Amino acid sequence: MTARSLRWRIVWPLLAVLALVMIAVTVGLFFHLMTLFTSSRSVDESVLPHIAESIQRDAAGRLRLSPSPELERFQEESPGLWFVVLSQDDRDVRYGQVPDDLKPIAARLGSILDGDIRAADGSPLTSLIARLPSPAGKVRIMYGGRLQTESFVALLIGRMQVIYLPFLAFTLIAAFVSVPILVKRALAGVDRITDIAASIDIDRRGQRLPLEHVPAEVLPLVQAINAALARLDHGYTQQKRFLADAAHELRTPIAILQTNLEAMPDSRQQRKLLHHVGRLANTAEELLDLHRLDNGPQPMREVDLVQLCKAVAGDLAPIAIAAGYELSFSADRDRISVQGDAGALERVITNLVRNAIEHGGGHGLIRVVASHPNVIDVSDDGPGIPPSQQEEVFEPFYRVSPRPSGAGLGLNLVRQIVQRHGGQVSMVPSDRGAHFRISL
């Protein structure tokens with residue numbers, strides 16, 4: 001199941017609420033304006049130029065009304081439309097029924113420049129007066145009448161399309177662009193702790209998630225994670241200390257046991273016991289090596305890989321021969337120098353050779369080869385490792401097949417030591433047996 005982004009879980013509801021609020025405001029404003037204007041306005045002012053262009057003079061110079069198509073449309077839409085037109089020579093023309101209360105004002109139209117006439121008690125607007133040019137010359141026009149609701153709705157929508165709707169669109173677009181950016185900036189602290197959390201692993205213990213720039217709502221979660229990391233570090237430290245102490249305590253009785261076994265008469269049982277004690281001693285040394293690695297890198301000094309491999313081969317040759325193998329060592333030059341921890345690198349070669357002795361089938365040749373540049377190969381003639389398991393064998397406590405011996409730490413320790421030296425260990429494809437290669 002794919003987890004939803006916290007950022008978008010915040011952004012989308014915010015944008016949805018903002019869009020709903022803007023739509024609600026638009027609808028509310030629309031109905032408010034419709035209520036306000038339909039109760040307080042006469043016909044739209046856009047009728048004025050159509051009235052003016054419809055005023056003509058006849059042959060005797062009298063004013064006459066010749067309605068244009070636009071004025072006819074207004075007349076059809078607003079049956080209550082009325083107007084009085086007065087020319088400069090005091091000739092007039094009238095259309096519709098002038099309200100009785102406005103007739104005295106209409107009679108004095110020639111002395112009024114323009115006006116917006118409302119009743120004193122705040123009742124709806126009843127008339128407008130304006131001066132405009134016309135085909136009959138400059139005229140004064142006094143007009144009024146109620147605009148039909150359907151016509152007014154179309155008019156209001158038209159006005160809103162020109163003014164309000166572009167503003168609404170701009171606001172929504174700005175919100176859709178800015179809100180994700182603002183939310184991303186607000187959650188920048190969460191992104192940072194996510195990156196730091198992803199970098200925490202077993203080799204970087206003691207690291208904690210920062211509390212700076214973390215939203216207050218997320219802060220308890222970060223503090224809980226830090227507390228959990230502290231408990232894990234404490235438990236891991238106690239476990240490693242216990243294993244190291246146990247390994248230290250086991251070294252002395254193992255050494256005493258091995259000395260006593262070596263003093264016994266040579267027999268098949270004695271050799272078998274020595275073999276098992278040797279594995280036990282090797283496991284204790286592996287645990288100590290892991291503890292040393294966990295305590296940080298050791299000082300690096302110049303190490304000769306040729307001499308190191310030769311010494312390990314010489315030390316393990318009797319064990320290999322006793323187990324039924326032949327053991328060979330070769331190098332393509334007399335000296336191959338690297339900077340490293342001689343003791344740790346010796347453990348690497350020892351583990352690989354012991355792994356070949358343990359899993360090589362009890363026969364064949366075990367080869368140790370040192371070559372330039374800084375490469376060590378250890379191979380055997382045994383059954384090998386299936387390709388599907390060649391990466392897993394380097395995991396701690398992993399064994400290719402169930403065996404009563406071995407803790408499964410050897411190859412994992414090899415990889416850790418080699419990686420601490422900036423190198424890599426891998427398996428080389430081989431027709432038979434297992435072939436390990438270390439590149440430093």
Side-chain angles (χ1 to χ4, degrees), residues 26 29-167:
T26 302
L29 179 63
F30 174 81
F31 282 103
H32 174 71
L33 291 177
M34 189 172 70
T35 303
L36 177 65
F37 278 76
T38 53
S39 64
S40 64
R41 286 201 58 178
S42 67
V43 291
D44 183 51
E45 295 178 10
S46 62
V47 74
L48 277 172
H50 302 305
I51 295 175
E53 69 182 7
S54 301
I55 303 302
Q56 309 285 336
R57 288 186 184 271
D58 59 15
R62 294 187 297 270
L63 296 183
R64 66 181 181 86
L65 180 64
S66 179
S68 64
E70 291 78 7
L71 181 57
E72 290 179 347
R73 179 176 60 81
F74 273 100
Q75 290 171 335
E76 291 176 0
E77 293 176 352
S78 305
L81 174 65
W82 61 265
F83 55 82
V84 178
V85 180
L86 181 68
S87 65
Q88 290 180 323
D89 56 1
D90 293 329
R91 296 176 183 269
D92 66 359
V93 63
R94 297 171 180 251
Y95 172 82
Q97 182 64 40
V98 180
D100 293 338
D101 293 341
L102 295 179
K103 287 180 179 180
I105 299 176
R108 298 180 57 83
L109 185 57
S111 60
I112 302 174
L113 294 177
D114 49 45
D116 183 349
I117 303 173
R118 297 174 183 266
D121 58 1
S123 61
L125 170 70
T126 52
S127 180
L128 288 175
I129 300 174
R131 292 174 296 165
L132 280 83
S134 73
K138 288 186 177 182
V139 294
R140 286 184 174 87
I141 302 175
M142 180 178 179
Y143 75 101
R146 189 71 59 208
L147 182 66
Q148 295 298 311
T149 302
E150 296 81 0
S151 179
F152 175 74
V153 170
L155 172 65
L156 186 57
I157 291 176
R159 292 289 180 86
M160 291 182 68
Q161 287 177 343
V162 174
I163 300 175
Y164 185 73
L165 293 183
F167 171 76

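Just so you know, these numbers come straight off a predicted model, no measurement behind them. Just the heavy atoms: all of them, side chains too, but no hydrogens, waters or symmetry mates, feed the values below.
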Test of understanding: with salt bridge (charged side-chain N to carboxylate O under 4.0 Å, His left out), list the residues that count as partners of D58, not counting sequence neighbours.
R62
Do P67 and F74 make a side-chain contact, defined as non-hydrogen atoms from C-beta onward lying under 4.5 Å apart?
no
Identify, with sequence neighbours excluded, every residue that meets side-chain hydrogen bond (donor to acceptor under 3.5 Å, both in side chains) alongside R94.
none
Of all residues at least two apart in sequence or in a different chain, which pass the side-chain hydrogen bond (donor to acceptor under 3.5 Å, both in side chains) check with Q75?
none
Could you tell me whether the side chain of E70 reaches within less than 4.5 Å of the side chain of V47, counting heavy atoms only?
no
Taking side chain to side chain contact (heavy atoms under 4.5 Å, CB included) as the definition, give me every residue that meets it alongside S66, ordered by chain and number, with sequence neighbours left out.
Q56, R64
Contacts of I55 that satisfy side chain to side chain contact (heavy atoms under 4.5 Å, CB included) - sequence neighbours left out
L63, L65, V85, V93, S134, A136
Contacts of R57 that satisfy salt bridge (charged side-chain N to carboxylate O under 4.0 Å, His left out) - sequence neighbours left out
D89
If I take atom CG from residue D114 and atom CD1 from residue I129, how far apart are they, to the nearest 0.5 angstrom?
8.0 Å
Under a 4.5 Å cut-off applied to non-hydrogen side-chain atoms, are V98 and M142 in contact?
no
Correct closest heavy-atom pair for L71 and S54 would be CD2-OG, 3.5 Å
Listed by chain and number, what are the side-chain hydrogen bond (donor to acceptor under 3.5 Å, both in side chains) partners of D100, not counting sequence neighbours?
K103
May I ask you to test the I51-Y95 pair for a side-chain heavy-atom distance under 4.5 Å?
no
Residues in salt bridge (charged side-chain N to carboxylate O under 4.0 Å, His left out) with R131, at least two apart?
none
